[in-house]
Protein chains: 2
Amino acid sequence: MAKTIKQALGEGAFRVNGKLWIESNGKRFFGPGPVELLELIDQTGSINQAAKKMKLSYKKAWEIVNNLNTMAAQPLVITSTGGEKGGGSTISEEARQLISYHRSLRERFQAFLDKESAKLG
Amino acid sequence: MAKTIKQALGEGAFRVNGKLWIESNGKRFFGPGPVELLELIDQTGSINQAAKKMKLSYKKAWEIVNNLNTMAAQPLVITSTGGEKGGGSTISEEARQLISYHRSLRERFQAFLDKESAKLG
DNA sequence: AATCGTTATATATTTATGGGTATAACGAAA
DNA sequence: TTTCGTTATACCCATAAATATATAACGATT
């Protein structure tokens, strides 16, 4: 009698999980972290404040922003220094498109994961 | 006029990629690395030789094996010490089931990634 | 000119990860 | 009892990654 996957795994809460991202030439470009950061920049108008809300160092947040702007054809974050409020940042229309696409992508991925996980239980 | 994803990304070779694994209570349990290791243990009859073929330290390989055996309901690797050849290891029927399932899972995942990537080009 | 909070950048420090090395235990066979 | 290659485990070190700290530049407003 052939052993089943369920016998191998037992009754633990096993499930299929994973991560998705968009890459270019093998270099990771766009994942959940950047998406959240972009949304918070949009809400706060500042990389600095967005980083704090994500409990990220400003440096790390800036690196993410810089990477996004370097790899994309069009800048995703528009930054400005100086001025009354010291400067600030906004996100571009292209960024909104990417966020929207990524959201729907994640929904499809979640459905995939749920379907696969069901096979284990 | 709304900007498209293609405009945001430009003509670079962007694609959707990702990683999959099986987890239990949030702890990663089974991924591509363990699968390859199990297959090599099956071929060589030894954790030590399997580690060398994967260019992995024996220590790391043993940790993977130990983790697999600890988390699964049934042992996936059966080890023995001493004897004519110093000992050795074999994989269980449950391990073969998991390898087989994981292979088909990855095929379905790859199809998902290809389908999503096509939307970017 | 002084002020403000931000962007932008360099440098140092701490933390995590993996690898290297060493060693004991094992048990069948000679 | 000696030999063998393996499993099993502890300990230290090197490299990488995340984090912390410090500082300059910016420019509209006052």
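Labels below follow one simple rule: chain letters A, B, ... track the order of the sequence lines, proteins then strands, and each chain is numbered from 1. The structure presented is a predicted model; accordingly, all values stated were derived computationally and were not measured.
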Residue pair B:Glu63, B:Asn67: steps toward the side chain to side chain donor-acceptor pair (under 3.5 Å) verdict:
CA-CA 6 Å; B:Glu63 282 172 356; B:Asn67 186 50; over 6 Å; no

Heavy-atom nearest nucleotide on DNA chain D for A:Leu56 versus A:Gly83: which residue maps closer to 5'?
A:Leu56

Among C:dA12, D:dT7, C:dT6, the one nearest A:Ser46 by side-chain distance:
C:dT6

Rounded to whole angstroms, how far apart are CD on B:Glu63 and P on C:dG19?
10 Å

Specify the residue among A:Gly82 and A:Val65 whose closest nucleotide of DNA chain C lies further upstream toward the 5′ end.
A:Gly82

From the options D:dT7, D:dT6, C:dG19, select the nucleotide whose nearest atom is closest to the side chain of B:Ser57.
C:dG19

Length of the CD1-P vector between A:Ile64 and D:dA17, whole Å
15 Å

So, A:Glu39 and A:Arg103, do they make that salt bridge, N to O below 4.0 Å?
yes

Between A:Leu105 and B:Glu116, is there a side-chain heavy-atom distance shorter than 4.5 Å?
yes

Judged by atom type as modelled, is there a donor-acceptor pair below 3.5 Å linking the side chain of B:Asn69 to the main-chain atoms of B:Val77?
yes

Output yes when at least one side-chain N/O atom of A:Ser89 is less than 4.0 Å from OP1 or OP2 of C:dT7, else no.
yes

To the nearest angstrom, the CG-P distance between A:Leu40 and C:dT6 comes to 14 Å

Rounded to the Å, how far apart are A:Ile78 CD1 and C:dT6 C1'?
16 Å

Is there a side-chain contact between B:Thr79 and the phosphate of D:dA8, meaning an N or O under 4.0 Å from OP1 or OP2?
yes

When you measure from the side chain of B:Glu84, which nucleotide among C:dA29, D:dA8, D:dT29 comes out closest?
C:dA29

Separation of atom OH in A:Tyr58 from atom P in D:dT19, rounded to whole Å:
16 Å

On the 0 to 90° scale, with breaks at 30° and 60°, tag the B:Phe109-A:Phe109 ring pair as parallel, tilted or perpendicular.
tilted

What is the distance, to the nearest angstrom, from the CD1 atom on A:Ile41 to the C1' atom on C:dT6?
13 Å

Atom NZ of B:Lys55 and atom P of C:dG19 are separated, to the nearest Å, by 13 Å

Nearest of D:dA8, C:dG19, C:dT7 to any side-chain atom of A:Asn48?
C:dT7

Is the phosphate of C:dT7, meaning OP1 or OP2, less than 4.0 Å from a side-chain N or O of A:Trp62?
no

Check whether any side-chain nitrogen or oxygen of A:Lys85 sits under 4.0 Å from OP1 or OP2 of C:dT6, and answer yes or no.
no

Could you please name the option among C:dT6, C:dA12, D:dA8 that lies closest to any side-chain atom of A:Lys59?
C:dA12

Could you tell me how far apart B:Ile47 (CD1) and C:dA25 (P) are, to the nearest whole angstrom?
19 Å

